[in-house]
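Working notes for the structure below.
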Amino acid sequence: MKILALHVDHVEYEPIRPESSIYEEAERKAHRIEDALLLLTCVEKGDDAEIAIRALRELAEQARKLGASRIVIYPYAHLSSNLAPPSEALSILRAMRDEARALGIETYSAPFGWNKRLEVSVKGHPLAEQLRSYERAGERAEEIPQALLLEERLESYWYILTPEGDMIPVEEYDFKGHENLEALARYEIQKSRAVLEEPPHVSLMKRLEIADHEPASDPGNLRWYAKGRLIKSLLEQYVTEKVIEYGGIEVETPIMYDMNHPSLKRYLHKFPARQYIVETEDKRYFLRFAACFGQFLIAKDMSLSYRDLPLRLYELTRYSFRREKSGELVGLKRLRAFTMPDVHAICRDLEQAKEEMRRRLKLSLEVMEGVGLTKDDIEMAIRFTRDFYEEHKDFIFELVRMFGKPVLAEMWSERYFYFVLKWEFNFVDCQRKAAALSTDQIDVENASSYGITYVNERGEKMYPIILHCSPSGAIERVIYALLEKAYLAMMRGEKPMLPLWLTPTQVRLIPVKPEYLDDCLKILERLEKAQIRADIDDRDESVDRRIRDAETEWIHYIVVYGERERKGGLLSVRRRATGSVEKISLDDLISEIRKEIGGKPFKKLPLPKLLSKRPSFR
RNA sequence: GCCCCGGUAGCUCAGCUGGUAGAGCGGCGGCCUCGUAAGCCGCAGGCCGCGGGUUCAAAGCCCGCCCGGGGCUCCA
């Protein structure tokens, strides 16, 4: 609770019109009170009547000392950005008024919930103006990182950068042919959102038995079913392999850290996210919101030579935790616990950092392509400080050219964060909303905060530049993008599907009658030997029915096996991609699938191969 | 956080202004033995999200809370 106490010669107010959903009855006429202590009172979240009474008693005493014979309680919201809901605020204000009357002071109250004309004449003595703040005893104020507060008043300038080297203010750019980029720009700048119901990936993730909400946990912490776990695990494995090919050195670090550790404390305040807090008997820990801490703490203990750089430390966090506001959580798109590959590159100087960033942009483009998102599916945004732009224009446009499409740019007047440049790929979904996937940043601050140094050719200790990159973004978010993309295809009248290598069942075998089950089992064995996930729908259902079920599972290849196949030796294969049914040999089917999957990771199907024995998670 | 919408069988949902719960799918049993997107019949299954209130009577009305979705961050 905040109260601005003003000792006034007179105060005059006049209710004009109700302004809040909850407001008191009031007469629209001017009220004038002479020689009073005016209490401009703001009720904040978490306040209660007890605080209000304590405040009122203290200020009544103050009024007596000042020689003010009356007080005016005036609801005044403008003293806080953390207001209590109106209904609560009103009842707390009433508690104050009751207490004032109980103390026998002459009290006036301005009505709650009204827009009012206000005129005050404050006395000219040192104690005439005082701001008081009241909190519940022993309660800690909510910990909001400074960066969150700073972000709100940061000044941004928006442009479109083109591969041709133009920098065009967003409002002058013609978005024709770049509708997704336009949606991204609108989403980022105006924060305007199209109105639509639930995003389609939410029901898809449930129907396909990928993931679901877990009511027994905190919102934004999901449960993953067998198929979802498989898809997620394949993506995790894929990204990890790509990062290791690029030169990443994989490590594993703790998920919680001491809030009072000196280097962490500073970083905590430079990163705009809310934390989960874990309290033990004597300490407070926060759950990591990225892999930075663990890797930085490792790097600070290494004795690094310039010869070791760039050093690429990598971890795939399961999980990173961010306590997003409840209203911001959405399906797989925005979670409170998520899986994120995070690779840092410790570079000797800005030149090496730039070179490294080029490689990582290329890596990220490959990873996007690999998981099944093409350049048509993503839009790039680059953000940088004005100073960095002035000195490294060419480099920025080089990144734009590597992406090959116009890019949204945000220029900051000053550096508020630990980085001077960051870029990210955004996926624009069915609701025309954007979500960031891959990203990389140039960090010029944390080497010194964490005491990370290397020794140069002349034997001097130097602070490196650190790059922070997630080549895919959160794995859950990749699945969100793939599901939204599949839904968009469905809307265009195409068959929705996931990339073959991520589809849990790649081949479904359907024996026409039980007597063909043994043949199917042999085929299954051959497929599994070739690292293809297959299963057999041996349920006592019609062939039509089993085909339909396989289609609704988005299975790429459906093989119906009966007398004709046993005699002819060729398989009848229904291909999802084309919708056609063709006769081909098992060997040809295997090589077709192997070719399509290429070098992508393989994992066995973690479910019973016979559908008659397979449990349903729903 | 605030506002709006929703929570009814395992799932998806119906249930008008209060009179004590329904369908389809799924499950189970039986029949059918099937050739490229749902074969037929039967049976079981419900603290109507949770707690309180109003009422002779609440799934439906009122209050609070929890969970999901959407919007907002205006403001005493």
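Given the structure is predicted, the values throughout are model-derived calculations rather than measurements. Order of the sequence lines fixes the chain letters, A, B, ..., with proteins taken first and strands second; residue numbering starts at 1 for each chain. Below, each value reflects all heavy atoms present in this structure, side chains not excepted, and no hydrogens, waters or symmetry copies.
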message = Run the ring pair (Phe, Tyr, Trp, His ring centres under 6.0 Å) test against A/Phe427 and tell me which residues pass, sequence neighbours left out.
response = A/Tyr480
Watson-Crick or G-U counterpart of [N], or none if no pair lies under 3.5 Å:
N     : value
B/U36 : none
B/G1  : B/C72
B/G51 : B/C63

If I take atom [atom1] in residue [X] and atom [atom2] in nucleotide [N], what distance separates them, rounded to the nearest angstrom?
X        : N     : atom1 : atom2 : answer
A/Asp537 : B/A37 : CG    : P     : 15 Å
A/Asp544 : B/C32 : CG    : C1'   : 14 Å
A/Arg576 : B/A37 : CZ    : C1'   : 10 Å
A/Ile555 : B/A37 : CD1   : P     : 15 Å
A/Leu222 : B/C67 : CG    : P     : 14 Å
A/Lys433 : B/G69 : NZ    : C1'   : 10 Å
A/Tyr13  : B/A76 : OH    : P     : 16 Å
A/Arg207 : B/G10 : CZ    : C1'   : 17 Å

Between [N] and [M], how far apart are the two [atom1] atoms, rounded to whole Å?
N     : M     : atom1 : value
B/G53 : B/A14 : P     : 30 Å
B/C4  : B/A21 : C1'   : 28 Å
B/G49 : B/U36 : P     : 45 Å
B/C5  : B/C43 : C1'   : 37 Å
B/C47 : B/G42 : P     : 26 Å

Tabulate atom names and distances for all N/O pairs under 3.5 angstrom spanning the protein and nucleotides 23-31 of chain B.
{"from": "B/G26", "atom 1": "OP1", "to": "A/Arg545", "atom 2": "NH1", "distance (Å)": "3.1"}
{"from": "B/G26", "atom 1": "OP1", "to": "A/Arg545", "atom 2": "NH2", "distance (Å)": "2.1"}

message = Please find the pair of heavy atoms, one from A/Glu424 and one from A/Arg383, that lie closest to each other, and give the distance.
response = OE2-NH2, 2.6 Å
Among [options], the nucleotide that comes nearest once only the side chain of [X] is considered:
X        : options             : result
A/Ile547 : B/A37, B/C67, B/G35 : B/A37
A/Ser572 : B/A37, B/U36, B/G69 : B/U36
A/Val581 : B/G39, B/U36, B/G70 : B/U36
A/Ser542 : B/A37, B/G39, B/G68 : B/G39
A/Pro75  : B/A37, B/A76, B/G35 : B/A76

Pair [X] + [Y]: basic N to acidic O under 4.0 Å:
X        : Y        : value
A/Glu34  : A/Arg70  : no
A/Lys513 : A/Glu563 : no
A/Lys333 : A/Glu484 : no
A/Asp535 : A/Arg614 : yes
A/Glu582 : A/Arg574 : no

Can you tabulate the close N/O pairs, meaning under 3.5 Å, that link protein atoms to atoms of nucleotides 5-7 of chain B?
none

Upstream residue (5' side of RNA chain B) when A/Leu93 and A/Glu214 are each assigned their closest nucleotide = A/Glu214
Please list, one pair per line, the donor and acceptor atoms closer than 3.5 Å that link side chains of residues 518-528 of chain A to other protein atoms, with sequence neighbours excluded.
{"from": "A/Asp519", "atom 1": "OD2", "to": "A/Tyr561", "atom 2": "OH", "distance (Å)": "2.7"}
{"from": "A/Asp519", "atom 1": "OD2", "to": "A/Arg566", "atom 2": "NE", "distance (Å)": "3.0"}
{"from": "A/Arg526", "atom 1": "NH2", "to": "A/Asp587", "atom 2": "OD1", "distance (Å)": "2.5"}

inquiry  = Are the side chains of A/Val507 and A/Ile555 in contact, using a 4.5 Å heavy-atom criterion?
reply    = no
query = Do A/Arg323 and A/Arg336 have side chains that get closer than 4.5 Å, going by heavy atoms?
reply = yes
N-glycosidic conformation, B/G42 - syn within 90 degrees of 0, else anti = anti
Tell me what [X] touches on the nucleic acid: a base, only sugar-phosphate, or nothing, going by heavy atoms under 4.0 Å.
X        : answer
A/Val202 : nothing
A/Val543 : sugar-phosphate
A/Glu553 : nothing

query = Under the salt bridge (charged side-chain N to carboxylate O under 4.0 Å, His left out) test, which residues partner A/Arg545, sequence neighbours left out?
reply = A/Asp549
query = If you measure only the distance, is there a donor-acceptor pair under 3.5 Å linking the side chains of A/Asp218 and A/Tyr276?
reply = yes
message = I want to check one thing: is the phosphate of B/C34, taken as OP1 and OP2, less than 4.0 Å away from some side-chain N or O of A/Arg546?
response = no
inquiry  = Is there a side-chain contact between A/Lys333 and the phosphate of B/G69, meaning an N or O under 4.0 Å from OP1 or OP2?
reply    = no
task = Compute both the distance and the angle, then confirm whether A/Lys232 meets the cation-pi test with A/Trp224: under 6.0 Å from the six-membered ring centre, within 45 degrees of the axis.
result = yes
query = Which residues, if any, of residues 514-523 of chain A bring a heavy atom under 4.0 Å of RNA chain B?
reply = A/Pro514
